[in-house]
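The structure appears right after this line, and notes come after that.
One-based numbering, in listed order, for ligands and for the atoms of each. Bear in mind that the values here come from a model prediction, so they are computed numbers and not experimental data.
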Amino acid sequence: MTAPERTGRPLPYVLLSAAVSLDGCLDDTGPERLLLSSPADFDRVDEVRASVDAILVGAGTIRADNPRLLVNSAERRAARVAAGRPEYPLKVTVSGSGELDPAARFWHTGGRKVLLTTDEGAGRARGLGIADDVVVPLGGALDWRAALEYLHDRCGVRRLMVEGGGTVHTQLLQQELADELQLVLAPLLVGDPAAPRLFGPGAYQGGRLRLVESRRIEDVVLARYLPTAPGAGRRVSAADRHWLALACELAELCPPSRTAFSVGAVVVAADGRELARGHSREGGDPVAHAEEAALAKIDPADPALPGATVYSSLEPCARRASRPAPCARLILGAGVRRVVTAWREPDTFVPGADGGGVLAAGGAAVVVLPEFEERAKAPNRHLDGA
Ligand SMILES: NC(=O)c1ccc[n+]([C@@H]2O[C@H](COP(=O)([O-])OP(=O)(O)OC[C@H]3O[C@@H](n4cnc5c(N)ncnc54)[C@H](OP(=O)(O)O)[C@@H]3O)[C@@H](O)[C@H]2O)c1
Ligand SMILES: [Zn+2]
């Protein structure tokens with residue numbers, strides 16, 4: 001497979017959220033926080049907050065805005081509790097200096113809090129009166145990957161919403177640790193050269209981001225983008241393992257065949273919703289492929305498709321005799337740009353098949369998780385190559 005693979009330790013899905021003025025500012029320089037968004041958009045943000053495990057802001061945002069970072073809707077909080085989740089998402093802040101006001105609202109509202117900081121910052125924060133049990137020292141300098149691993153492994157964070165400010169957003173995007181950007185464009189101009197900007201200078205990989213949704217909300221525009229950097233989409237999360245395991249289970253449902261593989265596939269939206277599933281020869285169709293069967297169940301206009309991932313127990317096919325379009329083409333045609341698979345297609349039926357190469361050439365990220373290979377092969381034991 002020609003696509004580079006990156007299968008490091010699992011990290012949360014990182015969603016950057018910000019509102020900017022037409023001249024790219026996050027705020028003005030006045031003492032009050034500049035209101036950029038509209039009431040209906042604040043409600044949308046509340047809904048996104050209710051969907052995540054944790055909300056993160058930089059220490060600069062706490063100092064400038066003194067935010068509460070709550071889920072305001074009582075119904076959404078009740079729904080979280082009913083689903084067995086904490087009433088409020090975990091609140092996380094990062095600071096190198098540890099220079100934080102213990103009276104800030106951040107510490108006194110909502111549920112659990114965490115301060116990710118340096119060893120030196122931890123001493124400073126404790127000295128200022130930040131509660132000992134929320135302070136997490138992560139060494140001499142704060143490394144974002146280590147910080148995200150901590151949130152994933154120690155706090156159970158699978159979906160993280162980052163609400164600024166610009167310093168934090170810039171680092172996460174430049175370090176290819178952001179999975180999605182939700183940007184709200186407000187119809188006003190700040191004009192102050194000293195006002196904070198959403199993204200600062202530095203090296204950004206990947207060129208143009210991929211616009212996957214745009215929506216008018218009162219007088220602001222919401223745009224959702226997915227990064228296209230070479231590393232984007234190749235990070236592996238615990239959710240990826242869950243869905244690929246399901247794809248391998250679906251492969252067990254296939255009626256056995258001497259002339260085709262048994263494969264399972266699941267299509268999952270960026271927010272973790274299953275869109276469809278399928279398996280080979282499903283519904284009595286002797287030539288149906290798993291990815292094809294799953295995609296056929298989704299409305300081609302579904303706005304979730306561009307952000308979705310296809311999990312397939314076997315690498316999607318690059319060529320096939322039974323239908324005009326192979327699955328790699330069907331996936332690209334559906335707008336999906338991320339595929340997670342367990343096993344590269346052997347030369348059993350189609351010598352030199354390179355579905356991963358077709359997908360990569362079409363701009364999709366392809367991740368292979370070899371630890372699932374044996375499970376993916378199990379229902380194909382009677383075939384050569386398995
Ligand atoms: N419009 C919006 O959607 C929105 C959202 C959020 C914020 N804002 C605005 O953004 C402005 C604040 O932005 P900002 O860029 O100044 O602050 P920020 O990104 O919120 O926080 C920056 C601070 O975070 C800590 N930090 C970040 N990366 C770190 C690293 N790798 N290692 C150690 N510490 C790290 C540092 O804290 P220490 O200095 O303590 O070391 C740094 O000064 C405010 O004006 C606010 O109103 C707007
Ligand atoms: Zn196929």
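- Side-chain contact between V340 and V310: absent, with no pair of heavy atoms (C-beta onward) separated by less than 4.5 Å.
- For atom 31 (N) of ligand 1, the nearest non-hydrogen atom from the set Q171, E32, R124, H169 belongs to Q171.
- Proximity of S95 to ligand 1, defined as any heavy-atom pair under 4.0 Å, is shared by backbone and side chain alike.
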**Message:** Let's go through Y150 and W144 carefully: what are the C-alpha distance in whole Å and the side-chain angles of both, what is the deciding distance for ring pair (Phe, Tyr, Trp, His ring centres under 6.0 Å) to 0.1 Å, and is it a yes or a no?
**Reply:** CA-CA 10 Å; Y150 181 90; W144 276 106; over 10 Å; no
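- Close approach of ligand 1 to A59 is summarised as follows: ligand atoms under 4.0 Å from at least one heavy atom of the residue are 21 (O), 23 (C), 24 (O), 37 (O), 40 (O).
- Here the protein heavy atom with the shortest distance to atom 36 (C) of ligand 1 is G96 N, 4.1 Å.
- K377 and S313 form no side-chain donor-acceptor contact under 3.5 Å, judged by distance and modelled atom types alone.
- When non-hydrogen atoms are compared, ligand 1 lies under 4.0 Å from the backbone of S97 as well as from its side chain.
- Heavy atoms of V94 come nearer than 4.0 angstrom to ligand 1 in at least one pair.
- Between atom 38 (P) of ligand 1 and the options R33, E99, R63, the minimum heavy-atom separation is to R63.
- Side chains of T309 and R338: a donor-acceptor N/O pair is present below 3.5 angstrom, by distance only.
- For the pair K113 and F106, the cation-pi criterion (under 6.0 Å, within 45° of the ring axis) is not fulfilled.
- Between the side chains of T29 and D192, at least one donor N or O sits under 3.5 Å from an acceptor N or O.
- Using a 4.0 Å cut-off between heavy atoms, L26 contacts ligand 1 through both its backbone and its side chain.
- The angle that C327 SG and C317 SG make at the Zn ion (ligand 2), rounded to 10°, works out to 110°.
- Atom ND1 is the N, O or S atom of H289 at the shortest distance from the Zn ion (ligand 2).
- Residue L36 has no N or O atom closer than 3.5 Å to an N or O atom of ligand 1.
- Note on L148: it clusters hydrophobically with L142, by side-chain heavy-atom contacts below 4.5 Å among ILVMFWY residues.
- Between A64 and ligand 1, not a single N/O pair is under 3.5 Å apart.
- With a 4.0 Å cut-off on non-hydrogen atoms, T61 touches ligand 1 through its backbone as well as its side chain.
- Residue, atom and distance of the protein heavy atom nearest to atom 16 (O) of ligand 1 are T167 OG1, 4.1 Å.
- In this structure, M161 and Q182 have side chains that are not in contact, with every pair of non-hydrogen atoms separated by 4.5 Å or more.
- The shortest side-chain heavy-atom distance between H289 and R320 falls under the 4.5 Å cut-off.
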